[in-house]
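Step one of this worksheet: look at the structure below.
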Amino acid sequence: MSMPLSLENHILTYGKEVRRNELENLFEIHFEGYRLFPMNQTIEIKRDRDAMQIGQGKVVELMWKNGKTICKYKLHSLFNVN
């Protein structure tokens, strides 16, 4: 049985991110399937595929469990407030 894996170079949040630590701008988002993100490198963060970039962040923790990916990232810069 093969494990489907997607390699990503940006985070698409679709508004489903949850703030985990306000002081450190730490967010968590869950994805269906297994996704691999670059760790500790600045990547784009977008609301959806066709949207403008909303900021930049670094993935600090990834966990794969039960066919899902849990991604924790630290937001470093925000390009607009909405």
Side-chain angles (χ1 to χ4, degrees):
M1 182 171 157
S2 65
M3 179 179 84
L5 177 69
S6 174
L7 301 173
E8 305 288 339
N9 61 0
H10 56 272
I11 296 175
L12 301 177
T13 66
Y14 297 102
K16 296 180 181 179
E17 70 277 13
V18 176
R19 186 181 289 255
R20 290 295 177 203
N21 186 323
E22 194 165 324
L23 295 176
E24 296 182 13
N25 283 328
L26 188 65
F27 292 84
E28 179 176 304
I29 187 164
H30 296 224
F31 297 102
E32 290 294 324
Y34 297 113
R35 299 184 185 203
L36 184 61
F37 296 90
M39 299 287 293
N40 298 312
Q41 293 183 12
T42 303
I43 61 173
E44 292 181 357
I45 299 174
K46 296 177 160 185
R47 290 268 185 235
D48 60 50
R49 191 166 307 281
D50 298 325
M52 298 284 292
Q53 181 179 352
I54 61 169
Q56 292 182 333
K58 289 184 180 181
V59 175
V60 295
E61 184 179 336
L62 276 177
M63 183 170 45
W64 293 340
K65 186 175 182 180
N66 298 328
K68 296 184 182 205
T69 300
I70 301 169
C71 175
K72 291 184 182 177
Y73 66 92
K74 190 171 187 176
L75 186 64
H76 287 284
S77 63
L78 185 64
F79 295 158
N80 61 27
V81 291
N82 288 331

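For this chain, numbers begin at 1 and follow the sequence in order.
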Closest non-hydrogen atoms of Phe31 and Cys71, given as atom of the first, atom of the second and distance, are CE1-CB, 4.1 Å
Can you tell me how far the CD atom of Gln56 sits from the CD1 atom of Ile11, to the nearest 0.5 Å?
11.5 Å
Report the distance from atom OG of Ser77 to atom CD1 of Ile45, rounding to the nearest 0.5 Å.
8.0 Å
Is there side-chain contact between Pro38 and Val59, with heavy atoms separated by less than 4.5 Å?
no
Is there a side-chain contact between Ile29 and Val18 (heavy atoms, below 4.5 Å)?
no
Run the numbers on Glu24 and Arg19 for salt bridge (Lys or Arg N to Asp or Glu O under 4.0 Å), then give the verdict.
CA-CA 10 Å; Glu24 296 182 13; Arg19 186 181 289 255; over 6 Å; no
Should side-chain heavy atoms under 4.5 Å link Ile, Leu, Val, Met, Phe, Trp and Tyr, which residues sit in the same cluster as Leu26?
Val60
Would you say the side chain of Lys46 lies within less than 4.5 Å of the side chain of Met52, judging by non-hydrogen atoms?
no
Any side-chain heavy atom of Leu36 within less than 4.5 Å of one from Leu62?
yes
Stepwise, does the side chain to side chain contact (heavy atoms under 4.5 Å, CB included) test hold for Tyr34 with Ser6?
CA-CA 6 Å; Tyr34 297 113; Ser6 174; over 6 Å; no
Side chains of His10 and Glu8 only: does a donor on one sit below 3.5 Å from an acceptor on the other?
no
Once the angle between the rings of Tyr73 and Phe27 is folded into 0 to 90°, is it parallel (under 30°), tilted (30 to 60°) or perpendicular (over 60°)?
parallel
Is there a donor-acceptor pair closer than 3.5 Å between any side-chain N or O of Trp64 and the backbone N or O of Gly33?
no
For Tyr14, which residues count as a ring-ring contact (aromatic ring centres under 6.0 Å, His included) partner, sequence neighbours excluded?
none
Decide side chain to side chain contact (heavy atoms under 4.5 Å, CB included) for Lys58 and His76; before the verdict, give the C-alpha distance in whole Å, the side-chain angles of both, and the deciding distance to 0.1 Å.
CA-CA 7 Å; Lys58 289 184 180 181; His76 287 284; 3.4 Å; yes
Thr69 side chain vs Arg35 backbone, donor-acceptor pair below 3.5 Å:
yes
Measuring only between side-chain heavy atoms, which start at C-beta, is His30 closer than 4.5 Å to Lys16?
no
Check this for me: does any side-chain nitrogen of one of Arg47 and Glu17 sit under 4.0 Å from a carboxylate oxygen of the other?
yes
Is there a path of hydrophobic side-chain contacts, each under 4.5 Å between heavy atoms of I, L, V, M, F, W or Y residues, that connects Phe37 with Met63?
no
Kindly indicate whether the side chain of Leu12, heavy atoms from C-beta on, has any atom under 4.5 Å from the side chain of Asp48.
no
Would you check, one step at a time, whether the test side chain to side chain contact (heavy atoms under 4.5 Å, CB included) holds for Ile43 with Asn9?
CA-CA 7 Å; Ile43 61 173; Asn9 61 0; 5.9 Å; no
